[in-house]
Amino acid sequence: LWWVGKDGSRDRKLGEQEVAELVATRAGIVAATKGGEVRLIRRTLERGWSSRLIARLNAAAWTATRAADGSIFIVTETQLLRVTQVGKVTALHTGRWGKQFGSGMGQVLILSPFAPQSIIVARTGDIFIGMNAVVVHLVPRHGGYDEEWLMPRTCVEPPAGGRPTTE
């Protein structure tokens, strides 16, 4: 993670890990990383651009977005997490989209069709996680989420507990 000046003559290293997603917040820019770090990036008059660790996840971040309350939703290989600006990490849902996302075979990288790529949060609180081959729809219910899979009927059945729809 680097900051580079507009003319390219100045730069500053802000972190070591590959960034999965950058999310703008009131406090600054939050970087969710493939190494499981969540960093807050800010610019100050005294120090210029800098970053500080606000949380460590137990898994790689795949995608992230801002929640209505200013916290960050982060999707990992198996979970939906909420991370507050002070670094409190809460697991909101353990998904049925699997744990295997990629394996190297020579120079070819084969990705699972269920690797999380994007996330949006609807005003209703519903969460949609875009994956390589499906969209996982998390419906808020009873203090948790029900998981629905949006995919063509011609696709194979989702993992146990998921519910295919054609919506």
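Note: hydrogens, waters and symmetry copies are ignored here, and every other heavy atom, side chains too, is used.
- Looking at Phe128 and Ile119, their side chains never come closer than 4.5 Å, going by heavy atoms from C-beta outward.
- The minimum heavy-atom distance linking Gln85 with Ala27 is given by the pair OE1-CB, 3.4 Å.
- Shown here for Glu37 and Arg56, the closest heavy-atom pair between the two residues is OE2-NH1, 3.3 Å.
- Nearest approach of Ala61 to Ala32, heavy atoms of both residues: CB-CB, 3.7 Å.
- Clustering of Ile, Leu, Val, Met, Phe, Trp and Tyr side chains at separations under 4.5 Å places Ile74 together with Val23, Val30, Val38, Leu40, Ile54, Leu57, Ile72, Leu81, Val83, Val89.
- In terms of heavy-atom proximity, Arg12 sits nearest to Trp49 at NH1-O, 2.6 Å.
- The environment of CG in Asp69 is crowded: more than 12 heavy-atom neighbours from other residues, nucleotides or ligands sit within 6.0 Å.
- In plain terms, the two heavy atoms of Thr84 and Ser71 that are nearest each other are CA-CB, 4.0 Å.
- In this structure, Lys34 is positioned above the aromatic face of Trp62, its NZ or CZ under 6.0 Å from the six-membered ring centre and within 45° of the axis.
- Annotation for Ala67 and Arg82: closest pair CB-NH1, 3.8 Å, computed over non-hydrogen atoms.
- Scored by the salt bridge (charged side-chain N to carboxylate O under 4.0 Å, His left out) test, Asp7 finds no partners at all (sequence neighbours excluded).
- Side chain of Glu21 to backbone of Ala31: no donor-acceptor contact under 3.5 angstrom is found.
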